[in-house]
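Have a look at the structure below before the remarks.
Predicted model, so just to flag it, every value in this text is computed and none were measured. Residue numbers start from 1 in every chain, and the chains themselves are labelled A, B, ... in the order their sequence lines are given, proteins ahead of strands. Because only heavy atoms are used, hydrogens play no part in the values below, and waters and symmetry mates are left out as well, while side chains stay in.
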Amino acid sequence: MGWQAIPQDFFNRHPVEVARDLIGTELMVAGVGGIVVETEAYAEDDPASHSFRGKTARNAAMFGAPATAYVYRSYGLHWCLNAVCRPGTAVLLRAMEPTAGLGVMAARRGVNAPRLLASGPGRLCQALAVDARHDGTPLLHPPFRLLSRPGTPIDIVSGHRIGISRATEKPWRFGLAGSPFLSRRFG
DNA sequence: GAGCTGATTGTCT
DNA sequence: GACAATCAGCTCT
């Protein structure tokens, strides 16, 4: 019952399904990473999605093949990592439970507490050293490593999305129930 | 613990 | 020129 590589077909589905199924998977970047505990889905006909107004230079990666990384800068200073699903849709990786390379992540983040290393999309990217260089690159190839553990029971909760001003009512945020590594608790 | 605010820059209107 | 899928540090309770 070990970890298995995630196939590209995993991402060729509706982003809500992918967001839910990504909870509990393991994401590593160059040997540093952990368990995904929080995600958000963004669909194509979704006013909150960067793809809503069509393809532009910034969101071009979002229209790439399933399992492509879409990385963008948020609020001028943070990076956010998304996994592209069907073209024009994506899942935002919001938080992780660090399991490998804790020391490296702590050094990059400038903090020691494990729960502060990757509990938030900007923090997660800083801990994994993900930035514009990764935009448009495949998540299923090095330096990325994405694994799932089929058959492992996982308790998943959902709620409304965070940090956006449009279509906030959609319950498209998913998290690992009771995890202390969430960016915020689910209400 | 909750709530406010400044930081900082690429992108679109 | 406004705004943004955020964070950290502050105040007040």
Side-chain angles (χ1 to χ4, degrees), chain A residues 11 14-23 27 29 34 36-64 66-98 105-137 139 157-176 178-187:
Chain A
F11 291 95
H14 193 280
V16 168
E17 292 181 46
V18 176
R20 188 189 55 223
D21 290 348
L22 276 175
I23 302 297
L27 172 66
V29 182
V36 175
V37 299
E38 186 179 342
T39 60
E40 270 178 12
Y42 289 89
E44 47 208 335
D45 57 345
D46 178 357
S49 172
H50 287 174
S51 63
F52 185 61
R53 285 175 230 278
K55 188 174 176 178
T56 67
R58 171 171 73 145
N59 65 21
M62 224 174 148
F63 293 86
T68 296
Y70 167 43
V71 182
Y72 68 93
R73 195 188 277 282
S74 170
Y75 290 87
L77 58 160
H78 303 290
W79 296 103
C80 292
L81 172 62
N82 298 250
V84 175
C85 302
R86 297 198 287 229
T89 76
V91 172
L92 170 65
L93 299 177
R94 290 193 53 90
M96 264 185 8
E97 173 180 346
M105 288 191 265
R108 288 170 178 162
R109 292 270 303 112
V111 298
N112 278 317
R115 65 186 300 162
L116 295 180
L117 289 180
S119 58
R123 293 165 169 176
L124 185 149
C125 285
Q126 191 181 12
L128 298 181
V130 166
D131 59 32
R133 293 169 313 179
H134 300 92
D135 187 37
T137 65
L139 279 172
V157 288
S158 66
H160 68 82
R161 294 180 291 184
I162 293 177
I164 57 178
S165 53
R166 318 175 72 100
T168 56
E169 78 288 349
K170 292 185 187 299
W172 287 0
R173 174 180 176 237
F174 297 91
L176 183 61
S179 171
F181 298 94
L182 299 172
S183 64
R184 291 196 212 172
R185 304 194 74 103
F186 284 79

Task: CA sep, side-chain torsions, deciding dist, call: A:Ser49, A:Met62, side chain to side chain contact (heavy atoms under 4.5 Å, CB included) - done: CA-CA 10 Å; A:Ser49 172; A:Met62 224 174 148; 3.2 Å; yes

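Atom P of nucleotide C:dA5 and atom CD of A:Glu38 are separated by 16 Å, given to the nearest angstrom. The interatomic distance linking A:Tyr70 (OH) with C:dA5 (P) rounds to 9 Å, in whole Å. Rounded to whole angstrom, the span from the OH atom of A:Tyr72 across to the P atom of C:dA5 amounts to 6 Å. Distance A:His50 NE2 to B:dT13 P: 12 Å, rounded to the nearest Å. If you measure from atom CZ of A:Arg185 to atom C1' of B:dA2, you get 15 Å, rounded to the nearest angstrom. When the P atom of C:dA4 is taken as reference, atom NE2 of A:His78 falls 15 Å away, rounded to whole Å. Counting to the nearest Å, the P atom of C:dA5 and the CG atom of A:Leu93 are 16 Å from each other. Here the P atom of nucleotide C:dG9 and the CG atom of A:Leu116 are 10 Å apart, to the nearest Å.
Results of the salt bridge (charged side-chain N to carboxylate O under 4.0 Å, His left out) test with A:Glu38 over A:Arg94, A:Arg20, A:Arg184 single out A:Arg94 as the only residue that passes.
Residue contacts for A:Ser183: at a heavy-atom cut-off of 4.0 Å it reaches no nucleic acid atom on any strand shown. Counting any heavy atom pair closer than 4.0 Å across all strands shown, A:Arg161 reaches no nucleic acid atom.
Distances were taken from every side-chain heavy atom of A:Thr56 (C-beta onward) to each of B:dT11, B:dA7, B:dT13; the shortest belongs to B:dT11. Of the candidate nucleotides C:dT6, B:dT13, B:dT9, B:dT13 has the atom lying nearest to any side-chain atom of A:Arg53. Residue A:Arg58 places its side chain closer to B:dC12 than to any other of B:dC12, B:dT9, C:dT6. Looking at the side chain of A:Met62, the nearest of the listed nucleotides C:dT6, C:dA5, B:dC12 is C:dA5.
Partner assigned to C:dG9 is B:dC4, using Watson-Crick or G-U wobble distances below 3.5 angstrom.
Contact check for A:Val111 versus A:Leu117: side-chain heavy atoms found under the 4.5 Å cut-off.
Put simply, A:Ser49 has no side-chain N or O that comes within less than 4.0 Å of OP1 or OP2 on C:dA5. Between C:dA5 and A:Arg166, no contact under 4.0 Å exists linking OP1 or OP2 to a side-chain N or O. Taking 4.0 angstrom as the limit, A:Arg109 places a side-chain polar atom (N or O) nearer than this to OP1 or OP2 of C:dA8.
For the residue pair A:Arg108 and A:Gln126, no side-chain donor N or O sits within less than 3.5 Å of a side-chain acceptor on the partner.
The base of C:dA5 is not paired with the side chain of A:Tyr75 by any donor and acceptor separated by under 3.5 Å.
Comparing A:Arg123 and A:Ile162 by the nucleotide of DNA chain C that holds the closest heavy atom to each, the one mapping nearer the 5' end is A:Ile162.
Residue-environment remark: CG (A:Asn112) stays at or below the threshold of 12 foreign heavy atoms within 6.0 Å.
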